[in-house]
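First the proteins, then the strands, lettered A, B, ... as listed; each starts at 1.
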Amino acid sequence: MNRPSLLAIAILAAIALPLGLTDFWTFIAIEVLVFALYAVSFNLLLGYGGMLSFGHAAFFGVGGYTVAILVKHGGLPLAVAFPAALAMSAITAAIIGFFSVRRIGIYFAMLTFAFQMLLYTVALKATGLTGGDDGITGLKAAGALSKPIYYYWFALIIVIVALALMHRIVHSPFGMTLQALRGNPRRVEYVGINVRTHQLATFVLAGTIAGLAGAIFAISSGNVFPGWLNWTASATPIVMAVLGGFRTFIGPMVGAAVYVMLEVVISGHTEYWPLIMGVIIVVLVLMMPEGIMGMTRRIRDGKR
Amino acid sequence: MANADALFHVDGLSKQFGGVQALANVTMSVAPGELRAVIGPNGAGKSTFFNTITGLFPPTSGNVFFQGERITGQPPHALARIGIGRTFQITSIFRELTVRENLQVALTGRERRSWSIWPKARTMNMPRVRELLALVGLTDTGTRIAGTLSHGDQKRLELAIALAGQPRLLLLDEPTAGMAAQERLASIHLVGSLARELGLTVIFTEHDMAVVFAVATVITVLHQGAVLAEGIPAAVRAMPAVQQVYLGEAVAPVE
Ligand SMILES: Nc1ncnc2c1ncn2[C@@H]1O[C@H](COP(=O)(O)OP(=O)(O)OP(=O)(O)O)[C@@H](O)[C@H]1O
Ligand SMILES: [Mg+2]
């Protein structure tokens, strides 16, 4: 089957999916969408730009908190809160990126990590705005979107548009430049391209999309917590991308789906679920060093 | 500026790394169309000279001029845009990308299209890519992963990347290093004929004297960061000081 028809089938299946699901599973499906988007945005940095960020949760958190604060304290509709979340996460990413992208490797990772912990502290301490430890709870969309199935479709449209945009970008001249500078930034400079501005633009794009994911999730889960900004939250997209395969566009989406499903299934059975998940993920990554998509690609090419 | 006709001029350039004086007050003028060889023993400062004038790091003191403009300390991407291209002593290509993509990235830089998110990059500039591949003798390698090419072919690819930028001044740091003797001469003759064909000015460093004397129109000898001698090949070869520090006592006559 060719790619366009596979894509059409996947989209139709995604649209039809919640018709056969309970509300509980519809929320899980939304979570998969959110984390698929989050993981792909992260992979713009890791897989395409070769920048390992340890602070990507900062943007997810800023997006989520922006929506939560505007909806809860401001009583504003999503039509205002979502664009505001995009703007806030973009501005945050521009500031953090300005200081971080000039550093390479572990220094970049440490800086992004430090900025994220800074925001975590703000979320904990600015209790008047953020609710401190308790976070902000009881979030709800008004009107039709308060029904899970409608909110799912709403999220699906946003996620598809954002994924299409990122797919476009990674295959464009900009995206090719990004993949070139991943391996050899100096050579990119010497063909007349300013590496830093391209890295910064990628960082801002990735942060903005992560903020969008956080915004969607704030409403579907009904809460935001400071834990969203904790360092463990930044490990999540790394694990998803590596698990699914960070050398492919859809790998991180697959990784996100597997991760969320594993979490749901295992946490329903035992309180030791993080331990079991950790073991399963370690085994999967050891078995498939190029991730799930790297593995399936190899099997497909081998059969030909 | 000392020399009004020079395409490229360096004035009192020095570079210090901690206690090491890698470049010591180097002054040099290169006229349009020249094929200038910069030679000298290991550690003489040849690569440092290239790195300083192409903005990899700023000089400790001194100035660099290109087409009459002062370009000291400008970043590499700015220099590439005004027509200075280079290759590296340790071959610098996009190893994970295909040969074709290597050149497409270079052409994207040349055309200032690295910001466009349209069209699909994969099909861009194909006629020009084929031309460049033919120019350096890499026809039919377009879909190979660049890192899998032989060492010599990787060097040729890097040359094509530099040529894609349509430079006026081309800086080649040891363009034949690591090649077999026969391949070396063929490579430098390729550089010579491309330079004439495209009207390029070339500055190159090289250890193999046969290669140097095959194409160089002017030779500058660096020794411990300073210019020891400069002149046409026959004159430089005859200088006792040069023979002593660099060429050794017995200089084999080159045809
Ligand atoms: N980035 C750097 N940091 C510190 N010292 C350096 C650096 N680059 C070069 N040097 C020193 O500067 C001096 C000149 O080195 P350079 O690489 O320019 O010599 P070269 O003439 O290119 O030698 P070769 O023929 O071996 O390539 C050497 O002593 C070297 O150790
Ligand atoms: Mg050198």
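Taking the six-membered ring for Trp and thresholds of 30 and 60 degrees, A/Tyr38 and A/Phe60 have ring planes inclined between 30 and 60 degrees apart.
Between chain A and the residues B/Ser114, B/Ser92, B/Ser116, B/Gly165, the largest count of heavy-atom pairs under 4.5 Å involves B/Ser114. When each of B/Leu107, B/Ile93, B/Asn102 is scored by its heavy-atom pairs under 4.5 Å with chain A, the top score falls to B/Ile93. Between chain B and the residues A/Arg187, A/His171, A/Met176, the largest count of heavy-atom pairs under 4.5 Å involves A/Arg187. No other option in B/Ala106, B/Gly55, B/Pro119 has as many heavy-atom pairs under 4.5 Å with chain A as B/Pro119. The most heavy-atom pairs under 4.5 Å with chain A, out of B/Arg122, B/Arg112, B/Glu158, come from B/Glu158.
Applying the side-chain contact (heavy atoms from CB on, under 4.5 Å) criterion to A/Ser234, with sequence neighbours excluded, gives A/Ala57, A/Gln116.
Contacts of A/Arg196 with chain B are absent, with no heavy-atom separation under 4.5 Å from either backbone or side chain. For a residue to count as touching a neighbouring chain, one of its non-hydrogen atoms must lie under 4.5 Å from one of that chain's; by this rule A/Val170 does not touch chain B. For B/Glu96, the part lying under 4.5 angstrom from a heavy atom of chain A is the side chain only. Both the backbone and the side chain of B/Leu56 come within contact range of chain A, judged by heavy atoms closer than 4.5 Å.
In this structure, A/Ser53 and A/Ile238 approach most closely via the heavy-atom pair O-CD1, 3.9 Å.
Figure legend: cation-pi geometry between B/Arg86 and A/Tyr190, with NZ or CZ positioned under 6.0 Å from the six-membered ring centre and within 45° of its axis.
Counting heavy atoms from C-beta outward, A/Phe82 and A/Ile216 have side chains that approach closer than 4.5 Å.
Checked against the 6.0 Å centroid criterion, the rings of A/Phe108 and A/Phe99 do not qualify as a close aromatic pair.
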query = Is there a side-chain contact (heavy atoms from CB on, under 4.5 Å) between B/Phe57 and B/Thr48 once you walk through the steps?
reply = CA-CA 9 Å; B/Phe57 34 65; B/Thr48 304; 4.3 Å; yes

